[in-house]
Amino acid sequence: QVQGLSFVNSADADPSSGGRDLYLNAKRFEMDYSKDPGQSWKLAAVTLDPFRYPGDPRIVQPMESVWIRRIQGKKFQYHTNMVGGFVYVVRFTDSSEIGIPTAFVCTYDDRTSGWGADSAPQWERNETNKRKRWFWVDRNGDGIAQKAEYGTYDNFNSYNQGLDVDEKGDIWIGGRGRIDNYFRAGGTTRFEAGPLDGKGVPRFDFVPQRFDIPVTEHGGLAVRLKYLANKDAMFLGISPNAWYPSAIYRYDHYTDSTRRVETCRIDAGFDDNGKSTINLDQNTDSMTLPFSFTADSDFVYVTYLDNGRYSRERGEVTIYDARTCALTGWLAPGPETGRFAGAVDLVNGINVATAPDGNKLILVEEDGAGKVMVYRWCPDGAACAATSTVGIRRKLSSFEMRRIPGGAELLLPTGSKPSLFDVRGSMVPLIRVGDQGDRIRFRFEGDGRGVYYLRTTGVDGIAATVRIAAP
């Protein structure tokens with residue numbers, strides 16, 4: 001069976017479904033993880049009805065990225081385009097698969113044309129008004145946009161593409177540095193969804209709540225962000241440019257300025273080879289370009305525009321400990337997809353959910369072959385290992401490491417193709433020094449102390465990753 005159902009899309013799981021129900025912009029897929037990869041999904045519903053709601057912007061507006069959220073137990077789907085230019089919200093009733101148009105807010109884009117622009121408030125586009133944006137909320141609950149339901153607000157970071165929807169349904173916008181009310185700039189912005197009215201519509205008054213970005217690196221330009229409402233923890237993707245986060249900072253107590261504290265920092269490995277221009281498929285294969293990330297209370301998950309930082313393959317997801325920012329390992333496409341994946345070029349190109357058995361369901365845009373990649377990974381390697389697909393491995397058989405003068409020596413199974421990295425992610429040169437029975441001896445220089453990450457590819461072509469410490 002072949003169905004052309006996706007091209008440039010991300011997916012998200014209904015939090016109440018345990019990862020069974022995955023949503024794209026106008027479709028619901030049902031997963032059966034007991035079946036083999038490739039056989040485990042089916043199209044279950046279309047969530048757009050152009051006859052009942054002919055004004056649904058999904059009919060005319062590309063919406064590549066989605067989030068599914070529950071507010072007071074009710075299901076909502078949030079959408080944006082590939083550059084985070086707006087947020088569109090639909091709501092669901094318990095008895096229907098059809099999303100009801102509910103809210104639309106302009107963020108990066110002031111939308112002088114396209115859906116909603118004809119009914120939106122009008123103003124002169126000049127320097128004074130360059131931060132003004134419009135929004136719409138379905139105040140009367142009929143799913144139809146009317147002029148009386150529109151309003152405006154000032155976006156202090158009108159050219160920033162950082163966008164997130166937290167687990168409460170609140171919308172976050174990235175920014176740069178500390179808030180400057182005089183210049184109407186800086187900080188991050190939160191719009192609270194608020195309680196539901198009698199029609200099931202969130203309050204959404206779109207009164208901005210603003211918070212400083214205390215990072216000084218690169219002027220505190222946060223081009224990506226992820227907020228964990230249940231932890232009051234913010235992850236800020238800081239960038240030297242408008243696109244690629246080179247570092248991810250975690251701040252705890254983020255919304256409380258008296259308690260806010262930097263917890264840890266991830267070096268995301270950004271490397272543009274010193275090029276002044278970056279053109280996908282032309283000069284990017286040797287670069288490391290972190291592009292989209294997400295986080296939960298356990299891990300941070302980073303994807304790349306082109307080849308991944310460690311596997312040097314497209315589709316890599318690099319995983320870090322959310323509490324310490326230490327590298328955990330990485331995932332890459334396996335034999336189920338012919339070890340192939342395309343680019344991740346959505347600002348919000350990755351989501352994650354935790355299944356009841358403990359598996360992490362990592363949902364990644366894959367626009368090379370028109371699909372969404374679903375990695376099923378068991379972090380603890382025990383409780384859910386039997387149901388996990390191939391991913392990061394915690395153990396490596398027939399493996400030894402010992403310190404020798406001037407460095408350390410590795411003994412690996414014959415046929416292994418190893419790569420070694422230090423804790424900063426820099427590759428450590430390995431020198432093959434001979435064979436010893438059914439194993440190969442490798443040596444590397446240094447003091448032979450500390451923590452390293454060893455990646456090996458066996459004769460079966462499957463890669464394994466392990467965190468090791470020299471004795």
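Note: hydrogens, waters and symmetry copies are ignored here, and every other heavy atom, side chains too, is used. Because the structure is a prediction, the values reported are computed rather than measured.
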query = Can Arg376 be said to sit on top of Tyr33's aromatic six-ring, NZ or CZ under 6.0 Å from centre and within 45° of the ring axis?
reply = no
ask   = Measuring from Phe29:CZ to Lys42:NZ, what's the distance to the nearest 0.5 Å?
value = 12.5 Å
key: Closest contact, heavy atoms only, Leu305 versus Ala343   = O-CB, 3.1 Å
query = With ring centroids as reference points, do Phe299 and Trp377 lie under 6.0 angstrom apart?
reply = yes
task = For a ring-ring contact (aromatic ring centres under 6.0 Å, His included) with Tyr150, tell me which candidate from Phe104, Trp134, Phe135, Phe206 qualifies.
result = Trp134
inquiry  = Holding to salt bridge (charged side-chain N to carboxylate O under 4.0 Å, His left out), I want the full list of residues that pass it with Arg178, two or more places apart in sequence or in another chain.
reply    = Asp212
inquiry  = Among Thr47, Thr102, Ile98, which residue satisfies the side chain to side chain contact (heavy atoms under 4.5 Å, CB included) criterion with Phe92?
reply    = Thr47
message = Can a side-chain donor-acceptor contact be found between Thr328 and Asp321 if the only test is distance below 3.5 angstrom?
response = no
ask   = Quick one: which of Lys132, Arg133, Lys130, Arg184 gives a side-chain hydrogen bond (donor to acceptor under 3.5 Å, both in side chains) with Asp154?
value = Arg184
request  = Step through it carefully: locate the ring centre of Phe191, locate the ring centre of Tyr153, and say whether they are under 6.0 Å apart.
outcome  = yes
query = If you draw the axis of the six-membered ring of Phe291, does the NZ or CZ of Arg224 fall within 45° of it and under 6.0 Å from the ring centre?
reply = yes
request  = Would you confirm whether the ring centroid of Trp172 sits within less than 6.0 angstrom of the ring centroid of Phe211?
outcome  = yes
message = I'd like to know whether the aromatic ring centres of Tyr301 and Phe293 sit less than 6.0 Å apart in this structure.
response = no
ask   = Charged N to carboxylate O below 4.0 Å: is that the case for Lys199 and Asp197?
value = no
